[in-house]
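Input: a single structure, listed below in structure tokens.
The chains referred to below are lettered A, B, ... by the order of the sequence lines, with proteins before strands, and numbering in each begins at 1. No hydrogens, no waters, no symmetry mates; every other heavy atom, side chains included, goes into these values.
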Protein chains: 2
Amino acid sequence: MENTAIDTQKKFQNFFWKANETRNGVCPVRDIIARISDKWTILTIYALGGYGTLRFNEIKKLIGDVSQRMLTVTLRNLEADGLVERHVYAEVPPRVEYTLTPLGYGLMEQLVQLAGWAEDNSQAIMKNRKG
Amino acid sequence: MENTAIDTQKKFQNFFWKANETRNGVCPVRDIIARISDKWTILTIYALGGYGTLRFNEIKKLIGDVSQRMLTVTLRNLEADGLVERHVYAEVPPRVEYTLTPLGYGLMEQLVQLAGWAEDNSQAIMKNRKG
DNA sequence: ATTAATAGTTACTTTTGGTAACCCAAAATT
DNA sequence: AATTTTGGGTTACCAAAAGTAACTATTAAT
């Protein structure tokens, strides 16, 4: 791999390719990618960002095809990273409300951009996929 | 789910929540999310976007921990959607080069935004994760 | 006494992803 | 002359993740 495209664009590399840089053993970009790279995390943040506070079953109904187990797992992970806040009210039946933290809203903004791009370009992608 | 937060933000909903809207049976946002929501797609696009044209094994070495099989699968999917172009040169040993299409570069731009956010906020996320 | 409601958990099955071995043809090495 | 190396895969097999269904708690309503 000497004198290939890899060697030619060092500046570009250094700017873009953070995937192999680690900060005390953790690569920030990879870490975030790993967190959002599953079927439900993005949709969950998107739901919370779009509606504000939501209860567990409200998120579940909005997403539609997420299982109870996977929504629980997803929300716990988001909570652990400080992207989502969980408020339990001592009522029966239980009431649990979820909200994005400021950090979560920051990610939401990125996802809104991504969703916008997805909308604008979905027809092109569909056309490729068939032809 | 009547008269909850869900009913209160219709405009916000209509703007943000495209995840349940379908266009001839396909939801653009969900479709894109499904495509990028795996461990290797984002990293692959990121590599190609950062370095321009790359050969199979160059991508593999850059990412580092992707298996041959999964990189093949990832690249084939990206190719099928028109995000990546695959050029096979009739040489021995074979030479296969991959490049982002304009569509792929569009997605790359979104991912660069996302990666920027990830870098800026990784410390905050790490702090939450431990405490 | 039974049912309904909310927010889960647990056990089990299926799907997906990861690992290692193998393939091809020619050029370089022994 | 025979073996090894090369690049870009494929195939078979195994582990991990996700999906499914059933179960739980507690109280109010029927």
Legend entry - Protein proximity profile, nucleotides 19-30 of chain D - base contact B, sugar-phosphate-only contact S, no contact -, cut-off 4.0 Å on heavy atoms: BB-----BS---
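In plain terms, the two heavy atoms of A/Y46 and A/A115 that are nearest each other are OH-CB, 3.0 Å.
Distances shown here put every side-chain N or O of B/R95 at or beyond 4.0 Å from the OP1 or OP2 atom of D/dG8. Taking side-chain N and O atoms only, A/Y98 has no distance below 4.0 Å to OP1 or OP2 of C/dT6.
From A/L75, atom CG reaches atom CE of A/M70 across 10.5 Å, with rounding to the nearest 0.5 Å. Within the model, atoms CZ of A/F56 and OG1 of A/T72 stand 3.5 Å from one another, a figure rounded to the nearest 0.5 Å. Between B/L111 atom CG and B/M108 atom CE the span is 7.0 Å, to the nearest 0.5 Å. For the atom pair OG1 (A/T41) and CG (A/L71), the distance works out to 10.0 Å, reported to the nearest 0.5 Å.
To the nearest angstrom, P of C/dA7 lies 11 Å from NZ of A/K60. Distance B/L71 CG to C/dG17 P: 14 Å, rounded to the nearest Å. In this structure, the CD atom of B/E91 is 13 Å from the P atom of C/dA28, given to the nearest Å. As a whole-Å value, the separation of B/R55 CZ from D/dG9 P is 11 Å. Across the protein-nucleic acid pair, B/E97 atom CD and D/dG9 atom P stand 12 Å apart, rounded to whole Å.
A donor-acceptor pair is defined here as one N or O able to donate and one able to accept, closer than 3.5 Å; such a pair exists between the side chain of B/R35 and the backbone of B/N77.
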List the atom pairs, donor and acceptor, that lie under 3.5 Å between side-chain atoms in residues 95-104 of chain B and the rest of the protein, sequence neighbours left out.
{"residue": "B/R95", "atom": "NE", "partner": "B/E91", "partner atom": "OE1", "Å": "3.3"}
{"residue": "B/R95", "atom": "NE", "partner": "B/E91", "partner atom": "OE2", "Å": "3.4"}
{"residue": "B/R95", "atom": "NH1", "partner": "B/E97", "partner atom": "OE2", "Å": "3.0"}
{"residue": "B/R95", "atom": "NH2", "partner": "B/E91", "partner atom": "OE2", "Å": "2.9"}
{"residue": "B/E97", "atom": "OE1", "partner": "B/Y89", "partner atom": "OH", "Å": "3.3"}
{"residue": "B/Y98", "atom": "OH", "partner": "B/R86", "partner atom": "NE", "Å": "3.1"}
{"residue": "B/T99", "atom": "OG1", "partner": "B/T53", "partner atom": "OG1", "Å": "3.2"}
{"residue": "B/T101", "atom": "OG1", "partner": "B/G82", "partner atom": "O", "Å": "2.6"}
{"residue": "B/T101", "atom": "OG1", "partner": "B/L83", "partner atom": "O", "Å": "3.2"}
{"residue": "B/T101", "atom": "OG1", "partner": "B/L103", "partner atom": "N", "Å": "3.4"}
{"residue": "B/T101", "atom": "OG1", "partner": "B/G104", "partner atom": "N", "Å": "3.1"}

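Using a 4.5 Å cut-off between side-chain heavy atoms of Ile, Leu, Val, Met, Phe, Trp and Tyr, with links allowed through other members, B/L78 and B/V73 fall into different hydrophobic clusters.
DNA chain C lies under 4.0 Å from at least one heavy atom of each of the following residues of residues 73-86 of chain A: A/R76, A/R86.
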